[in-house]
Structure formats: structure tokens, C-alpha cells
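Each remark here refers to the structure printed beneath this line.
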Amino acid sequence: MLKVASVLFMEEMCSLGELARGCRPPGARCCLCWCCCCSCSWAKCAAERAGECSAGGKASRPGPHEPLLVEGDAPPTLEEIQSWGQSFDRLMRSAAGRRVFRDFLRGEYSEENIMFWLACEELKRETDPDAVEEKARFIYEDYISILSPKEVSLDSRVRETVNRNMVEPTPHTFDEAQLQIYTLMHRDSYPRFVNSPLYKALARLSAGSPPPAPSAPTAPSAPTAPTAPSAPSTPSAPTPTAAPAAPAAPAAAEEAAAR
């Protein structure tokens, strides 16, 4: 049952990817969308995508800093996809998120930015000095040299720092350059990615709806001020009662007065 549900989820995500990107129909050699909507397998699609399809239809050999995806990668959950629109850090920490973002950057002709960032990440994990020097040279020639078609945009200060570090390359030779490119992708490309048809389709958002924002904690309500006690009422003065009427004169006295 779980396997069937996973297949259905993959098919649904594929259809969304096709609508967003116009992915090639079944039978095509190469896949452009991350969810493998072509007839090839997930691992084969990942290999062709990571190696870049050549004109003859065969995947070219990936460079030393372009690792292939391993077979068995599970598709991301809807909650994970929606979290990509809340934080660029979450997007870049997710392997599937990086693949989707890389496809988006490819459409904007700025794929070299994330490729350079990934190459720097792999260089940091290298421990062999000879391999560090070789990979650093590849990175410099591919993304730093002004003669490269994949040159990334760096300011003069960072470029000078890289040139000094290349005298004795280390795993952290490109740290400043990597941070500058990360910031560039965050400020420039990421907002367009979040509002792109590709991401909105994957996150199941309507065309006019903004990406889900993280819910802010509700501020506690201010305590109600205690009601001031009312002043005690002044007791009213007692109303004086009328004096009692004089008793009527006896009838005998009246008769005596009449005489």
C-alpha cells in the first residue's frame, strides 16, 4: 500500500512539473524536471541531469565536483516543499530543493552560481592535499577565471582574495567567494523562484497566492488593569418628620367658650 501511494505521489508531482516546465514527453532521452517525468528511471534521470545531456543524447562525464544522485532518493513531502518558500537556508539544505532550484537557475541562465556553491561544498569535505589542489584548480578555471563561460560574478576584493589563496590552495580557499554567491542567489534569484510557476505548482499554491510564511508567535495579551474601587457613598441626612398635630380641644372646653 505504501509503495502504491509513493508511485501515485511521484506521478502527481510529475504532472505538476510538466505543467510548470513543459517537461519532455515519455520516450525523450533527457529529463529536465527533477521528479523524473520521463520514462527513464529515477537514478538514470538523475545521472543524465547531473552529467548534462550532450547533443548525441548521451550523458557527458560529470566533473569532479558534480556528484551523481544515488538511487533510492525519496521524493520530498509536500510540507518540505512548502518550507522551501519560507527559508532559503531550508531550500539549500534539501537535496531535492537544490535540484529544483538548479533547474530554475538553468532557465535563468545562471546555473553556474549553484554549481560553484556545490563545488565549494565538496572541496571543504576533501582531506587529501593533492586532491584539494586539483579540485581548487578546476573550480578556479571553471568559475573564477575571466576566460570561463561559467564565470560567477564576484567583486574585485573577493577576487583578489581568491587569487592570493590559490598560491597554496586549502579546502577553504573559496569561502568568501562562496558566501558572496550564496548571498547573491538569496537576494536575487530566490524571490523569483518562490513566485515562479514551477515552485507554485510543486507546492500546490494558486497562481496569485503568496508562499506560506512561518507563523509568528502570538503576543500575549496585556493584563487587564484592576478596576479602581468606587468611593463610599455619603449617607444621606435623615429627613425630619413633621411635628405631630396638636390634639383637638375637648368638646367641653368649646362649649364653655361659647357661653
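Computed from a predicted model, the values in this text were never measured in an experiment.
- Under 4.0 Å is where a charged nitrogen must lie from a carboxylate oxygen, and between Glu176 and Arg157 at least one such pair does.
- Residues Val132 and Glu126 approach most closely at CG2-CG, 3.6 Å, considering heavy atoms.
- Using a 4.5 Å heavy-atom cutoff, the side chains of Ile144 and Phe116 are in contact.
- Nearest approach of Ser153 to Ile181, heavy atoms of both residues: O-CD1, 3.4 Å.
- Residue Asp175 holds its CG atom at 11.0 Å from OG1 of Thr161, rounded to the nearest 0.5 Å.
- Hydrophobic clustering, defined by side-chain heavy atoms of Ile, Leu, Val, Met, Phe, Trp and Tyr closer than 4.5 Å, groups Ile146 together with Leu147.
- For the pair Arg90/Ser83, a side-chain contact is recorded, criterion being any heavy-atom separation below 4.5 Å from C-beta on.
- A centroid separation of less than 6.0 Å is found between the aromatic rings of Phe88 and Tyr182.
- Across all non-hydrogen atoms, the minimal contact from Asp155 to Gln180 is OD2-NE2, 2.6 Å.
- In this structure, Lys124 NZ and Thr170 OG1 are separated by 10.5 Å, a value rounded to the nearest 0.5 Å.
- To the nearest 0.5 Å, atoms CE (Met92) and CE (Met185) are separated by 4.0 Å.
- Shown here is Glu151, whose CD atom has more than 12 heavy atoms of other residues, nucleotides or ligands within 6.0 Å.
- Glu108 and Ser189 make their closest contact through OE1-OG, 4.0 Å (heavy atoms, listed as atom of the first residue, atom of the second, distance).
- Using a 4.5 Å cut-off on side-chain heavy atoms (C-beta onward), Tyr140 and Val162 make contact.
- Ion pairing of Glu111 with Arg106 is present here, as a side-chain N (NZ or NE/NH1/NH2) and a carboxylate O approach within less than 4.0 Å.
- Here Glu141 pairs with Arg137 under the salt bridge (charged side-chain N to carboxylate O under 4.0 Å, His left out) rule; sequence neighbours left out.
- One finds the CZ atom of Phe104 at 11.0 Å from the CG atom of Leu91 (value rounded to the nearest 0.5 Å).
- Once rounded to the nearest 0.5 Å, the distance linking OH of Tyr190 with CG of Asp89 reads 9.0 Å.
- Annotation: side chain of Ser148 is not in contact with side chain of Tyr143 (no heavy-atom distance under 4.5 Å).
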>> side chain to side chain contact (heavy atoms under 4.5 Å, CB included), that's the test. Do Glu168 and Glu133 meet it? Break it down for me.
In response: CA-CA 8 Å; Glu168 294 182 4; Glu133 184 175 358; over 6 Å; no
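- Distance alone, capped at 3.5 Å, places no donor-acceptor pair between the Trp117 side chain and the Asn113 backbone.
- Note: Ile139 CD1 to Gln178 CD = 9.0 Å, rounded to the nearest 0.5 Å.
- Considering only heavy atoms from C-beta on, Thr77 stays 4.5 Å or farther from Ile81 through its side chain.
- Legend: salt bridge (Lys or Arg N to Asp or Glu O under 4.0 Å) pairs involving residues 180-190, not counting sequence neighbours, sorted by first then second residue: Asp188-Arg192.
- Inter-residue side-chain proximity for Asn165 and Phe174 is flagged as unmet; no heavy-atom pair is nearer than 4.5 Å.
- Looking at Phe193 and Leu105, their side chains never come closer than 4.5 Å, going by heavy atoms from C-beta outward.
- Within the 3.5 Å criterion, the main-chain N or O of Leu179 finds a donor-acceptor partner in the side chain of Thr183.
- When side chains are defined from C-beta on, Leu78 counts as touching Arg204, because their heavy atoms get closer than 4.5 Å.
- No salt bridge links Arg93 with Glu80; every basic N to acidic carboxylate O contact stays at or beyond 4.0 Å.
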